[in-house]
Protein chains: 2
Amino acid sequence: MPVESETARQPLSTQRILHAAVGFADEHGVEALTMRKIADELGCGVMSLYNHVANKEEMLAGMVDLVAAEIVPPAVGGDWREAMRASAATAHDVLLTHHWAPAEWSLRMPGPARIRYMDALLHVLSEAGLSSELVYRGYHAVTMHIVGFTLQQIGYRRGLTGDLEDLAGAFLADLADDYPYMAAHVHAHLAGDGHGDEFGFVLDLILDGLDRANAGS
Amino acid sequence: MPVESETARQPLSTQRILHAAVGFADEHGVEALTMRKIADELGCGVMSLYNHVANKEEMLAGMVDLVAAEIVPPAVGGDWREAMRASAATAHDVLLTHHWAPAEWSLRMPGPARIRYMDALLHVLSEAGLSSELVYRGYHAVTMHIVGFTLQQIGYRRGLTGDLEDLAGAFLADLADDYPYMAAHVHAHLAGDGHGDEFGFVLDLILDGLDRANAGS
DNA sequence: ACCTGAACACCGTTCAAGT
DNA sequence: ACCTGAACACCGTTCAAGT
């Protein structure tokens with residue numbers, strides 16, 4: 001029996017393709033992702049991929065849902081705010097490591113894993129004693145925060161890494177006169193003034209606000 | 001003097017290209033935007049564009065900044081929360097009409113107009129009597145909400161328009177058993193249970209929370 | 001200085017052929 | 001049933017040539 005080169009000879013499958021594509025996007029970004037490159041990585045011809053995924057768009061949808069499956073949904077039954085906080089934290093982690101995912105996430109219809117996650121969030125909120133209106137609104141506020149905040153964080157990370165001089169240099173020096181508040185803010189970023197858990201801070205703003213709105217009406 | 005066909009013979013310029021590109025993306029989406037199509041729309045050869053924009057990436061950056069320039073920045077001096085609310089509302093409007101913009105916005109470094117807008121937001125927050133830590137965090141919370149909420153809204157709009165049967169039919173009927181909370185939520189969407197100004201509701205959650213956090217420390 | 005067609009190196013995907 | 005190379009209709013962009 002001839003020894004095959006590493007893992008190259010497992011048969012193709014949707015899962016194998018999706019995993020390879022997620023790994024590639026994690027490393028090189030989704031804009032560099034190409035059907036041909038994924039095929040190369042899997043050691044097969046481009047067209048072989050089309051036996052397992054309909055097209056690139058559906059492959060991207062599958063990748064997003066693979067990421068969604070990594071998120072730990074909130075536990076039902078205990079303290080609802082603690083459950084939301086814990087689940088949001090895992091979602092934040094997952095979306096940060098798959099830094100290409102938030103942008104794709106928000107533009108696509110949810111797949112099975114994401115629907116399961118949505119349902120779990122709504123389940124917890126529904127049993128939190130909130131009015132149905134606040135469940136509806138709170139769900140949007142929380143999911144908006146999870147993907148929106150992470151997306152913003154990824155944007156900052158892109159801008160502030162790499163050539164620090166590009167930004168701290170020309171950028172800051174040129175614009176400090178005209179835009180002092182902006183300059184101070186960028187300085188705070190470069191100084192790492194995160195003040196701890198910013199993601200959780202804004203989430204608590206939302207969660208506390210929901211609680212208060214519920215009690216107040 | 002020969003009568004020229006409509007507006008076709010104005011000389012090319014960066015502004016003219018950017019405006020045409022924004023109009024095209026508004027109508028057909030940014031994923032359909034092509035250098036060749038923009039050139040056709042302007043009645044010139046593809047390569048003529050490159051005399052005024054360095055490449056497609058820089059053109060997209062210019063388009064985003066053109067959108068940023070449409071946003072009315074908050075007024076300094078009056079009630080800070082009212083100012084933030086008013087400005088956020090115009091930002092929400094602008095980003096909704098240019099539905100391709102939020103996704104591009106969050107992935108790119110800010111251009112001049114967006115920097116001016118960022119500075120104005122920070123200016124208002126800085127004079128609101130908030131601690132510098134709350135200015136920093138509040139700024140992120142507000143900008144996150146503006147683009148994140150709008151992005152989410154656009155995603156829903158995409159999913160829920162078009163074939164309503166696709167969603168209300170197969171989608172809802174199939175998954176109502178397994179995911180009842182999700183099904184109820186989609187029903188609420190289809191019924192139009194917006195309950196008024198959802199964007200403003202979440203913004204107030206954030207603004208009120210900042211106020212309270214400031215008073216409490 | 002601005003414009004432009006031809007050409008190049010890529011894409012995603014169809015098709016017809018292999019096993 | 002799964003795989004695959006050739007081919008097609010597109011991309012963004014370089015280059016050399018026009019005015």
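Just so it is clear, the model here is predicted, and its values are computed rather than measured. The sequence lines fix the lettering, A, B, ..., with proteins before strands; numbering per chain opens at 1.
Counting to the nearest Å, the P atom of D/dT4 and the CD1 atom of A/Ile17 are 11 Å from each other. B/Glu57 has its CD atom 13 Å from the P atom of D/dG12, to the nearest Å. In this structure, CD of A/Glu58 is placed 15 Å from P of C/dG12, rounded to the nearest angstrom. The nearest whole Å value for the distance from the OH atom in A/Tyr50 to the P atom in C/dC15 is 13 Å. In this entry the distance linking CG of A/Leu12 with P of D/dA1 reads 17 Å, nearest Å. Going from atom CZ of A/Arg16 over to atom P of D/dC2 covers 15 Å, rounded to whole Å. With rounding to whole Å, B/Asn55 atom CG is found 11 Å from D/dG12 atom P. A straight line from CD of A/Glu31 to C1' of D/dG12 spans 15 Å, rounded to a whole angstrom.
Residues satisfying the salt bridge (Lys or Arg N to Asp or Glu O under 4.0 Å) test with B/Glu57, not counting sequence neighbours, are B/Arg108. For A/Arg85, the salt bridge (Lys or Arg N to Asp or Glu O under 4.0 Å) test picks out A/Glu82, A/Asp204, with sequence neighbours left out. Partners of B/Glu58 by side-chain contact (heavy atoms from CB on, under 4.5 Å), not counting sequence neighbours, listed by chain and number: B/Ala54, B/Asn55. Qualifying side-chain contact (heavy atoms from CB on, under 4.5 Å) partners for B/Glu133, counting only residues two or more places apart in sequence or in other chains: A/His195, B/Ser131, B/Arg137. Not counting sequence neighbours, B/Ala86 has no partner by the side-chain contact (heavy atoms from CB on, under 4.5 Å) test. With sequence neighbours excluded, no residue satisfies salt bridge (Lys or Arg N to Asp or Glu O under 4.0 Å) with B/Asp26. Legend: residues meeting salt bridge (Lys or Arg N to Asp or Glu O under 4.0 Å) with A/Glu70, ordered by chain and number and at least two apart, are absent.
A distance of 11.0 Å separates CG of B/Leu66 from OG1 of B/Thr14, quoted to the nearest 0.5 Å.
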Table of protein N/O atoms under 3.5 Å from nucleotides 5-11 of chain C N/O atoms:
from	atom 1	to	atom 2	distance (Å)
C/dC11	O5'	A/Thr34	OG1	3.3

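Side chain to side chain, B/His92 and B/His145 fail the donor-acceptor criterion of an N or O pair below 3.5 Å.
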>> Can you give me the dot-bracket string for DNA chain C, 5' to 3', counting Watson-Crick and G-U wobble pairs with both distances under 3.5 Å, using [ ] for crossing pairs and | for partners on another strand?
In response: ||.|||||...|||||.||

